[in-house]
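Sharing a structure below in structure tokens format, with a few things to ask.
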Number of protein chains: 2
Amino acid sequence: MQAAISILDNEGAAGLTFRALAGRLKTGSGAIYWHVADKDELLAAATDHVIAKFEPQDVGRLSPQEAIRALALGVFDAIDSHPWVGAQLSGNPFQYAVLRILEGLGTQVVALGIPEKGRFNAATALLSFMLGLAAQYAVASHHFRDGSDRTTALRAVAAKWMELDPEQHPFIHQVAPLLPVHDDREQFMAGIDLILAGIDTSR
Amino acid sequence: MQAAISILDNEGAAGLTFRALAGRLKTGSGAIYWHVADKDELLAAATDHVIAKFEPQDVGRLSPQEAIRALALGVFDAIDSHPWVGAQLSGNPFQYAVLRILEGLGTQVVALGIPEKGRFNAATALLSFMLGLAAQYAVASHHFRDGSDRTTALRAVAAKWMELDPEQHPFIHQVAPLLPVHDDREQFMAGIDLILAGIDTSR
DNA sequence: TGTGAGACTGGAACGGCGTTCCATTCATTT
DNA sequence: AAATGAATGGAACGCCGTTCCAGTCTCACA
């Protein structure tokens, strides 16, 4: 598991092959199949490891809103330090790591006093938002892996956006300059707060 | 493009290989590379086709909120009838189809009168939620492809959730019975409405 | 009318992937 | 000392995306 996570961190999701992992462990690729059914299970197990490590403790002492923010920050930090986790979470929403996030969110939604009918929608809305943004960060960090740092890379994307027809894409033009200077963490938490505010109106 | 979409609809994303597409078109796999740079571009083009077809017309006559709902419903219907689109959108958030969705959402966010600083976060929150739920539906429909219909398949997942330790997963237990009877479309729109309500408070 | 050039084809070949298979080693129990 | 099941490791299989390239087809221009 350590070896797999290390490869994923250094080489990205494409770098984790059974051959590469076997090489790192000085064994054959077949041996790995004794411990793991297939590649999906391998990736899910690695994701579980990371998500569990970033799950906040002592959430009980916080207000429900603060607890949800803490949970979200945990997921964000997990993705931020292991970008492949983002793609894995959003690409496989039925794995255990996602279930555990949903459990954490749901408990706090109940604590917020949302009536029973709205709980499922409120919790899954938070979850879906987190998975959606997770996917975006995952692709971004993968796309800009080699060489160039984040800011110059995003500047390049913004420049491409500016090349589009301004008549047909006024909003994109308006927002493109923000792209290189925006803070991912702030964007993530702003979305969470937006949904929390919406949930609050339905209480 | 027609052949590619037809294969994707019938065999799923894994079924679209250059060999399969070449076979369907009675040509060689090399010929396809004259028209398309690689597989990503092929999938992106197919996704663009579908998303464009489901983009609502005459959004100008609606209120901003109604326009956003119409846009969201278009995306939902596109995924509902072509499940592979969900995975493609969330797995590749920098493709043109996603940009066009963001443009549509952003224009309406501006029309809502959100101050300039909040526009980017509001529009991307809506987008991220849509992509996140899109990924979930995509995996669900892929996972339950063979044989069993949606309800019995979701019943099986719910049963698995009920096997988990109730002490550690109270919310999952509470919500599992809803899984087989919930309406995807309603869940999708409930999330949109939640975010819209949150955006409204920041106006 | 002939011809050359560029658009386009189709199939072979390459390297790498996930997965399977199985003879073998190893550790533990009897 | 023998037996047994857990675990290994490397060869082999079939399929994938991609590359390569000798051909064919089309059509503007000499």
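On a predicted model such as this, the values are computed, not experimentally measured, just so you know.
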(message) What is the distance, to the nearest angstrom, from the NE2 atom on H35(B) to the C1' atom on dA7(C)?
(response) 9 Å
(request) Answer whether the closest heavy-atom distance between the side chains of D184(A) and F76(A) falls below 4.5 Å. (result) yes
(message) In this structure, how many angstroms lie between the P atom of dT25(C) and the CH2 atom of W34(A), rounded?
(response) 17 Å
(message) According to salt bridge (charged side-chain N to carboxylate O under 4.0 Å, His left out), who are the partners of E55(B), at least two apart in sequence or on a separate chain?
(response) R100(B)
(request) Please name all residues satisfying side-chain hydrogen bond (donor to acceptor under 3.5 Å, both in side chains) with R185(A), sequence neighbours left out, ordered by chain then number. (result) D77(A)
(request) Using a 4.0 Å heavy-atom cut-off, write out nucleotides 12-28 of chain D from 5' to 3' as B (base contacted by protein), S (sugar-phosphate only) or - (no contact). (result) B---BBBBB--------
(message) Run the side-chain hydrogen bond (donor to acceptor under 3.5 Å, both in side chains) test against E66(A) and tell me which residues pass, sequence neighbours left out.
(response) S63(A)
(request) Please report, rounded to the nearest Å, how far the P atom of dG18(C) is from the CD1 atom of I32(A). (result) 10 Å
(request) Tell me, please, which residues at least two apart from H182(A) pass ring pair (Phe, Tyr, Trp, His ring centres under 6.0 Å). (result) F120(B)
(message) Going by side-chain hydrogen bond (donor to acceptor under 3.5 Å, both in side chains), name the residues that satisfy it together with Y96(A), two or more places apart in sequence or in a different chain.
(response) H169(B)
(request) May I ask you to verify if any side-chain N or O of T27(A) is less than 4.0 angstrom from the OP1 or OP2 atom of dT8(D)? (result) no
